[in-house]
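Computed from a prediction, not measured in an experiment: that's the story for all the values here.
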Amino acid sequence: MSSLEISNSCFSPETKLPLSLQLVEDSASEPSRKDVDEVEEKPKDIIQFTAEKLSVDEVSQLVISPMCGAVSLFVGTTRNNFEGKKVISLEYEAYLPMAENEIRKICNDIRQKWPVRHIAMFHRLGLVPVSEASTIIAVSSAHRAASLEAVSYAIDSLKAKVPIWKKEIYEESASSWKRNKECFWAAGD
(Lines give C-alpha, C1' and ligand atoms only; values in the text may rest on other atoms or scores of the structure.)
Protein backbone atom coordinates (compact mmCIF):
# COMPACT_ATOMS: atom_id res chain seq x y z
CA MET A 1 0.00 0.00 0.00
CA SER A 2 1.16 3.54 -0.41
CA SER A 3 0.63 7.02 1.01
CA LEU A 4 -1.36 9.79 -0.64
CA GLU A 5 -0.45 13.46 -1.08
CA ILE A 6 -3.03 16.11 -1.98
CA SER A 7 -2.28 19.62 -3.23
CA ASN A 8 -4.63 22.63 -3.43
CA SER A 9 -8.00 22.13 -5.08
CA CYS A 10 -8.61 23.36 -8.59
CA PHE A 11 -12.27 24.03 -7.81
CA SER A 12 -13.78 25.33 -4.61
CA PRO A 13 -16.41 22.86 -3.31
CA GLU A 14 -18.71 25.78 -2.50
CA THR A 15 -18.52 27.64 -5.81
CA LYS A 16 -17.19 24.99 -8.19
CA LEU A 17 -15.08 27.69 -9.85
CA PRO A 18 -11.47 27.18 -11.01
CA LEU A 19 -8.87 28.12 -8.42
CA SER A 20 -5.65 26.27 -9.21
CA LEU A 21 -4.37 22.93 -10.45
CA GLN A 22 -5.42 19.88 -8.43
CA LEU A 23 -2.98 16.99 -8.26
CA VAL A 24 -3.16 14.04 -5.94
CA GLU A 25 -0.16 11.77 -6.13
CA ASP A 26 0.44 8.60 -4.20
CA SER A 27 4.20 8.27 -3.91
CA ALA A 28 6.58 9.05 -1.09
CA SER A 29 9.52 9.83 -3.35
CA GLU A 30 10.60 9.09 -6.86
CA PRO A 31 13.83 7.14 -7.27
CA SER A 32 16.38 8.59 -9.66
CA ARG A 33 16.95 6.74 -12.94
CA LYS A 34 20.17 5.20 -11.62
CA ASP A 35 18.35 3.86 -8.55
CA VAL A 36 15.56 2.15 -10.52
CA ASP A 37 17.58 -1.00 -11.05
CA GLU A 38 18.82 -1.00 -7.45
CA VAL A 39 15.54 -0.46 -5.55
CA GLU A 40 12.00 -1.45 -6.37
CA GLU A 41 9.93 1.45 -7.58
CA LYS A 42 6.96 2.36 -5.35
CA PRO A 43 3.50 2.10 -6.92
CA LYS A 44 1.79 5.47 -7.31
CA ASP A 45 -1.74 6.71 -7.86
CA ILE A 46 -1.99 10.11 -9.54
CA ILE A 47 -5.36 11.87 -9.47
CA GLN A 48 -5.92 15.26 -11.08
CA PHE A 49 -8.91 17.54 -11.66
CA THR A 50 -8.14 20.56 -13.80
CA ALA A 51 -9.68 23.24 -15.99
CA GLU A 52 -6.61 22.99 -18.26
CA LYS A 53 -6.46 20.95 -21.48
CA LEU A 54 -5.43 17.34 -20.81
CA SER A 55 -2.42 15.78 -22.54
CA VAL A 56 -2.45 12.06 -23.37
CA ASP A 57 1.35 12.07 -23.68
CA GLU A 58 1.87 13.70 -20.28
CA VAL A 59 -0.52 11.34 -18.50
CA SER A 60 0.93 8.23 -20.13
CA GLN A 61 4.47 9.32 -19.20
CA LEU A 62 3.43 9.45 -15.53
CA VAL A 63 2.76 5.70 -15.41
CA ILE A 64 5.69 4.41 -17.47
CA SER A 65 7.98 2.15 -15.49
CA PRO A 66 11.02 0.06 -16.43
CA MET A 67 9.32 -2.75 -14.50
CA CYS A 68 6.30 -2.74 -16.84
CA GLY A 69 5.74 -4.00 -20.34
CA ALA A 70 2.29 -2.46 -20.73
CA VAL A 71 0.63 0.93 -20.45
CA SER A 72 -3.09 0.96 -21.18
CA LEU A 73 -5.10 4.14 -21.74
CA PHE A 74 -8.68 5.29 -21.91
CA VAL A 75 -9.31 8.75 -23.36
CA GLY A 76 -12.85 10.09 -23.22
CA THR A 77 -13.44 13.00 -25.61
CA THR A 78 -16.26 15.43 -26.38
CA ARG A 79 -18.19 14.25 -29.42
CA ASN A 80 -19.99 16.69 -31.72
CA ASN A 81 -23.49 15.22 -31.49
CA PHE A 82 -26.11 13.77 -29.16
CA GLU A 83 -29.53 12.51 -30.21
CA GLY A 84 -29.49 14.54 -33.44
CA LYS A 85 -28.32 17.77 -31.78
CA LYS A 86 -25.01 19.40 -32.63
CA VAL A 87 -22.85 19.61 -29.48
CA ILE A 88 -20.26 22.41 -29.36
CA SER A 89 -18.83 21.64 -25.90
CA LEU A 90 -19.38 19.92 -22.57
CA GLU A 91 -19.19 21.53 -19.17
CA TYR A 92 -18.15 19.48 -16.13
CA GLU A 93 -18.56 20.19 -12.43
CA ALA A 94 -17.55 18.02 -9.49
CA TYR A 95 -17.77 17.93 -5.74
CA LEU A 96 -14.01 17.56 -5.31
CA PRO A 97 -13.64 16.17 -1.77
CA MET A 98 -16.03 13.33 -2.55
CA ALA A 99 -14.72 12.87 -6.11
CA GLU A 100 -11.12 12.53 -4.89
CA ASN A 101 -12.18 10.05 -2.22
CA GLU A 102 -14.15 7.93 -4.70
CA ILE A 103 -11.25 7.85 -7.16
CA ARG A 104 -8.88 6.79 -4.36
CA LYS A 105 -11.29 3.92 -3.62
CA ILE A 106 -11.28 2.94 -7.31
CA CYS A 107 -7.46 2.89 -7.30
CA ASN A 108 -7.48 0.70 -4.16
CA ASP A 109 -10.02 -1.66 -5.76
CA ILE A 110 -7.86 -1.94 -8.87
CA ARG A 111 -4.82 -2.82 -6.76
CA GLN A 112 -6.83 -5.56 -5.00
CA LYS A 113 -7.94 -7.08 -8.32
CA TRP A 114 -4.90 -6.74 -10.63
CA PRO A 115 -1.08 -6.59 -10.31
CA VAL A 116 -0.61 -3.05 -11.61
CA ARG A 117 2.27 -0.63 -10.97
CA HIS A 118 1.00 2.94 -11.51
CA ILE A 119 -2.47 4.44 -11.99
CA ALA A 120 -3.28 7.94 -13.30
CA MET A 121 -6.86 9.23 -13.41
CA PHE A 122 -7.30 12.76 -14.79
CA HIS A 123 -10.59 14.58 -15.34
CA ARG A 124 -11.22 17.94 -16.89
CA LEU A 125 -13.59 20.42 -15.25
CA GLY A 126 -15.23 23.45 -16.83
CA LEU A 127 -15.73 23.75 -20.60
CA VAL A 128 -14.36 20.99 -22.86
CA PRO A 129 -14.66 21.71 -26.62
CA VAL A 130 -15.41 19.02 -29.22
CA SER A 131 -12.55 16.53 -29.77
CA GLU A 132 -10.72 17.46 -26.55
CA ALA A 133 -10.23 14.97 -23.73
CA SER A 134 -12.57 15.06 -20.75
CA THR A 135 -10.92 12.16 -18.96
CA ILE A 136 -7.68 10.22 -19.31
CA ILE A 137 -6.99 7.03 -17.40
CA ALA A 138 -3.58 5.34 -17.65
CA VAL A 139 -2.44 2.13 -15.95
CA SER A 140 0.90 0.34 -16.17
CA SER A 141 1.56 -3.32 -15.43
CA ALA A 142 4.06 -6.03 -16.21
CA HIS A 143 1.69 -7.61 -18.75
CA ARG A 144 -1.13 -6.18 -20.88
CA ALA A 145 -4.10 -8.13 -19.51
CA ALA A 146 -3.91 -6.53 -16.05
CA SER A 147 -3.65 -2.94 -17.32
CA LEU A 148 -6.35 -3.40 -19.98
CA GLU A 149 -8.81 -4.86 -17.47
CA ALA A 150 -7.92 -2.22 -14.87
CA VAL A 151 -8.53 0.67 -17.30
CA SER A 152 -11.94 -0.74 -18.25
CA TYR A 153 -12.86 -1.15 -14.59
CA ALA A 154 -11.60 2.37 -13.80
CA ILE A 155 -13.77 4.17 -16.38
CA ASP A 156 -16.85 2.07 -15.56
CA SER A 157 -16.36 2.77 -11.84
CA LEU A 158 -15.69 6.48 -12.40
CA LYS A 159 -18.96 6.81 -14.34
CA ALA A 160 -20.89 4.85 -11.69
CA LYS A 161 -19.47 6.30 -8.46
CA VAL A 162 -17.71 9.65 -8.84
CA PRO A 163 -19.79 12.84 -8.38
CA ILE A 164 -18.99 14.58 -11.66
CA TRP A 165 -21.79 16.32 -13.56
CA LYS A 166 -21.90 17.01 -17.29
CA LYS A 167 -23.81 19.66 -19.22
CA GLU A 168 -24.04 19.43 -23.02
CA ILE A 169 -23.96 22.78 -24.79
CA TYR A 170 -25.66 22.73 -28.19
CA GLU A 171 -25.10 24.86 -31.27
CA GLU A 172 -28.60 26.32 -31.08
CA SER A 173 -27.53 27.93 -27.74
CA ALA A 174 -29.54 25.52 -25.61
CA SER A 175 -27.91 23.29 -23.04
CA SER A 176 -28.85 20.25 -21.00
CA TRP A 177 -27.46 18.73 -17.80
CA LYS A 178 -27.14 14.99 -18.45
CA ARG A 179 -28.19 12.33 -15.99
CA ASN A 180 -25.58 9.59 -15.74
CA LYS A 181 -27.57 6.37 -16.06
CA GLU A 182 -24.57 4.38 -14.77
CA CYS A 183 -24.39 6.33 -11.52
CA PHE A 184 -25.52 4.30 -8.48
CA TRP A 185 -27.48 7.16 -6.83
CA ALA A 186 -29.52 7.78 -10.01
CA ALA A 187 -30.43 4.11 -10.57
CA GLY A 188 -33.91 4.50 -9.04
CA ASP A 189 -34.86 7.52 -11.21
Side-chain angles (χ1 to χ4, degrees), residues 1-11 18-78 92 94 96-126 128 131-162 164 182:
M1 213 40 82
S2 42
S3 64
L4 194 62
E5 297 175 18
I6 302 175
S7 69
N8 291 331
S9 256
C10 132
F11 282 71
L19 297 175
S20 64
L21 184 64
Q22 164 87 22
L23 181 63
V24 177
E25 185 169 342
D26 174 8
S27 178
S29 65
E30 290 294 317
S32 67
R33 281 282 183 221
K34 66 179 181 177
D35 294 336
V36 169
D37 294 330
E38 298 168 18
V39 264
E40 187 165 325
E41 180 181 44
K42 274 192 155 188
K44 61 186 175 184
D45 299 334
I46 306 146
I47 300 165
Q48 182 177 357
F49 292 91
T50 183
E52 302 300 318
K53 187 174 181 176
L54 298 178
S55 166
V56 173
D57 288 339
E58 289 175 17
V59 175
S60 65
Q61 287 296 314
L62 292 171
V63 300
I64 288 177
S65 167
M67 301 173 72
C68 297
V71 171
S72 297
L73 297 167
F74 172 81
V75 181
T77 60
T78 300
Y92 288 94
L96 287 176
M98 189 175 176
E100 291 166 357
N101 190 45
E102 290 301 319
I103 290 179
R104 273 191 234 106
K105 288 179 189 176
I106 293 167
C107 291
N108 287 335
D109 289 348
I110 287 170
R111 294 191 181 286
Q112 296 299 312
K113 295 173 184 293
W114 296 281
V116 301
R117 176 61 52 189
H118 304 307
I119 303 167
M121 295 181 69
F122 283 45
H123 205 293
R124 182 113 171 241
L125 298 175
V128 183
S131 300
E132 288 190 15
S134 301
T135 186
I136 301 175
I137 299 170
V139 178
S140 60
S141 62
H143 304 285
R144 71 179 177 270
S147 62
L148 286 168
E149 290 171 17
V151 164
S152 180
Y153 177 86
I155 188 58
D156 290 345
S157 298
L158 182 141
K159 298 278 287 176
K161 299 176 181 176
V162 181
I164 298 172
E182 299 167 85

Are any of the side-chain heavy atoms of [X] and [Y] separated by less than 4.5 Å?
{"X": "Leu96", "Y": "Leu125", "value": "yes"}
{"X": "Pro66", "Y": "Glu41", "value": "yes"}
{"X": "Phe122", "Y": "Leu62", "value": "yes"}
{"X": "Ile106", "Y": "Val162", "value": "yes"}
{"X": "Met98", "Y": "Asn101", "value": "no"}
{"X": "Phe74", "Y": "Leu158", "value": "no"}

Main chain of [Y], side chain of [X]: is a donor-acceptor contact present, judged purely on distance under 3.5 Å?
{"X": "Ser140", "Y": "His118", "answer": "yes"}
{"X": "His123", "Y": "Thr135", "answer": "no"}
{"X": "Thr78", "Y": "Val128", "answer": "yes"}
{"X": "Ser152", "Y": "Glu149", "answer": "no"}
{"X": "Ser60", "Y": "Asp57", "answer": "yes"}
{"X": "Arg111", "Y": "Arg117", "answer": "yes"}

For a quick test of reading the model, state the closest non-hydrogen atom pair linking [X] to [Y] and the distance between them.
{"X": "Ala94", "Y": "Ile164", "result": "CB-CG1, 4.0 Å"}
{"X": "Leu73", "Y": "Ala138", "result": "CD2-CB, 3.3 Å"}
{"X": "Ser72", "Y": "Val151", "result": "O-CG2, 3.4 Å"}

Does Glu132 pair with Arg124 as a salt bridge, N-O distance under 4.0 Å? yes
Between Ser141 and Val116, is the side chain to side chain contact (heavy atoms under 4.5 Å, CB included) condition met? List the steps. CA-CA 4 Å; Ser141 62; Val116 301; 4.3 Å; yes
Are Val139 and Trp114 close enough, and set up right, to give a side chain to side chain contact (heavy atoms under 4.5 Å, CB included), and what steps lead you there? CA-CA 11 Å; Val139 178; Trp114 296 281; over 6 Å; no
